[in-house]
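For reference, the structure is listed below as C-alpha cells.
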Amino acid sequence: HPYLLSVSANRPYKNTLELIDHHPLWARNFKLKILGSKARYGEAIRARVAHHGLGSRVEFLDDLKLDKVVSLYRRATALVYPSLAEGFGRPPLEAMAVGCPAIISDIPVHLETYRHAGIFISPGSLDSWTQAFSQLARPALLQAKQTAGYLIAGRFGLLEATSQLHLAMREVWPDRHGA
C-alpha cells in the first residue's frame with residue numbers, strides 16, 4: 001500500500017498534529033507511517049489519531065535499525081515534515097538522498113536548503129496542504145523533485161561537508177589552520 005512517512009515526530013514544533021488533522025487530504029490514498037514518536041508528544045499524536053478514527057491508516061514505528069529506516073524512505077511516496085522551526089532539518093535531506101520526495105514546511109531553513117527539491121506547505125494553510133498532496137499525483141513533477149533532491153543531497157555528503165567546515169575554520173581562525 002502506498003504510504004507517507006513522518007520522521008522525528010517527537011516534539012510539538014515538528015507539527016505532526018497538523019498533518020494528522022489534514023487526514024482528509026491523504027488518508028483515502030495513503031497510509032501514514034510515523035517514526036520516532038515515543039516522547040510525550042507521541043501520546044498527543046496517538047490521541048489525535050484515535051480522535052479521528054485513523055487507527056487503521058496510521059502505523060507507529062520506533063527503535064528501527066538504519067537499514068529499515070532507509071528502506072522506509074525508499075518505499076515511501078513522500079516524506080511529510082511540516083516542522084515549525086529547525087536548525088537544519090535532516091530528515092528531508094535523508095529522504096532526498098534516496099529519491100523520496102519531501103513535503104516540507106516553508107520555514108526559512110527549508111526554503112534556503114531545499115529550494116526546488118521540496119514540495120512546500122505553509123503551516124496553518126489548508127490551501128498549501130491541498131496543493132502539496134495534489135502534487136503527489138503528478139509523476140513528471142515528482143521526477144523533477146527527485147532529481148533536484150539528489151543534487152541537494154550531494155551537496156551535503158561527508159567530503160563536501162568536511163571541506164566546507166575547513167573553509168569556515170580558516171576564515172574564523174586563519175593563523176591556526178594555515179592559508
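Here the structure is a predicted model, which is why all the values come from computation and not from measurement.
Taking every heavy atom of both residues into account, Ala85 and Tyr13 meet most closely at O-CD1, 3.1 Å. Across every non-hydrogen atom of Ser71 and Arg75, the tightest pair is OG-NH1, 2.7 Å. In this structure, Leu17 and Tyr41 approach most closely via the heavy-atom pair N-OH, 3.1 Å.
Crowding of Arg57 atom CZ: a count of heavy atoms from other residues, nucleotides or ligands under 6.0 Å exceeding 12.
Not a single donor-acceptor pair under 3.5 Å links the side chain of Arg74 to the backbone N or O of Gly99. One N or O on the side chain of Asp62 and one on the backbone of Gly36 form a donor-acceptor pair closer than 3.5 Å. Side-chain atoms of Thr147 come within 3.5 Å of backbone atoms of Gln143 as a donor-acceptor pair (strictly under, hydrogens ignored). Remark: side-chain polar atoms of Arg115 are paired, donor with acceptor, to backbone N or O of Glu112 under 3.5 angstrom. Within the 3.5 Å criterion, the main-chain N or O of Gly124 finds a donor-acceptor partner in the side chain of Glu18. Using a distance-only test at 3.5 Å, with no hydrogens or angles considered, a donor-acceptor pair links the side chain of Trp26 to the main chain of Leu19. Looking at Lys145, its side chain never comes within 3.5 Å of a backbone N or O of Ala102 through a donor-acceptor pair.
Between the CD atom of Gln135 and the CG atom of Leu142 there is a distance of 8.0 Å, given to the nearest 0.5 Å. Rounding to the nearest 0.5 angstrom, the gap separating the CD atom in Glu43 from the CZ atom in Arg48 is 14.0 Å. Going from atom CG of Leu4 over to atom CZ of Phe133 covers 5.5 Å, rounded to the nearest 0.5 Å. Atom CZ in Arg155 sits 9.5 Å away from atom CG in Leu151 (nearest 0.5 Å). Rounded to the nearest 0.5 angstrom, Gln131 CD and Phe120 CZ are separated by 12.5 Å. To the nearest 0.5 Å, the span separating CD1 on Ile119 from CG on Leu141 amounts to 6.0 Å.
For the pair Lys33 and Tyr3, the cation-pi test (distance below 6.0 Å, angle within 45°) is passed.
A side-chain donor-acceptor contact under 3.5 Å links Asp106 and Ser122. Defined by atom type and a distance below 3.5 Å, a donor-acceptor pair is present between the side-chain atoms of Glu86 and Tyr81.
Hydrophobic clustering (side-chain heavy atoms under 4.5 Å, transitive across Ile, Leu, Val, Met, Phe, Trp, Tyr) keeps Val69 apart from Ile34. There is a path of hydrophobic side-chain contacts, each under 4.5 Å, that joins Ile104 to Leu72. Note on Leu93: it does not cluster hydrophobically with Ile121, by side-chain heavy-atom contacts below 4.5 Å among ILVMFWY residues. In the hydrophobic cluster analysis, where Ile, Leu, Val, Met, Phe, Trp and Tyr join through side-chain heavy atoms closer than 4.5 angstrom, Leu126 is grouped together with Leu136. A continuous path of Ile, Leu, Val, Met, Phe, Trp and Tyr side chains, each step under 4.5 Å between heavy atoms, connects Leu32 with Leu54, placing both in one hydrophobic cluster.
Side-chain contact between Asp21 and His52: present, with at least one pair of heavy atoms (C-beta onward) separated by less than 4.5 Å.
Between Asn15 and the options Val80, Ile20, Ile107, Leu84, a side-chain contact (heavy atoms from CB on, under 4.5 Å) holds for only Leu84. Tested against Ser83 for a side-chain contact (heavy atoms from CB on, under 4.5 Å), the candidates Ser8, Pro92, Ser105, Pro91 yield a single pass: Ser105.
Taking the six-membered ring where tryptophan is involved, the planes of His110 and Tyr114 are tilted, since the angle between them lies from 30° to 60°.
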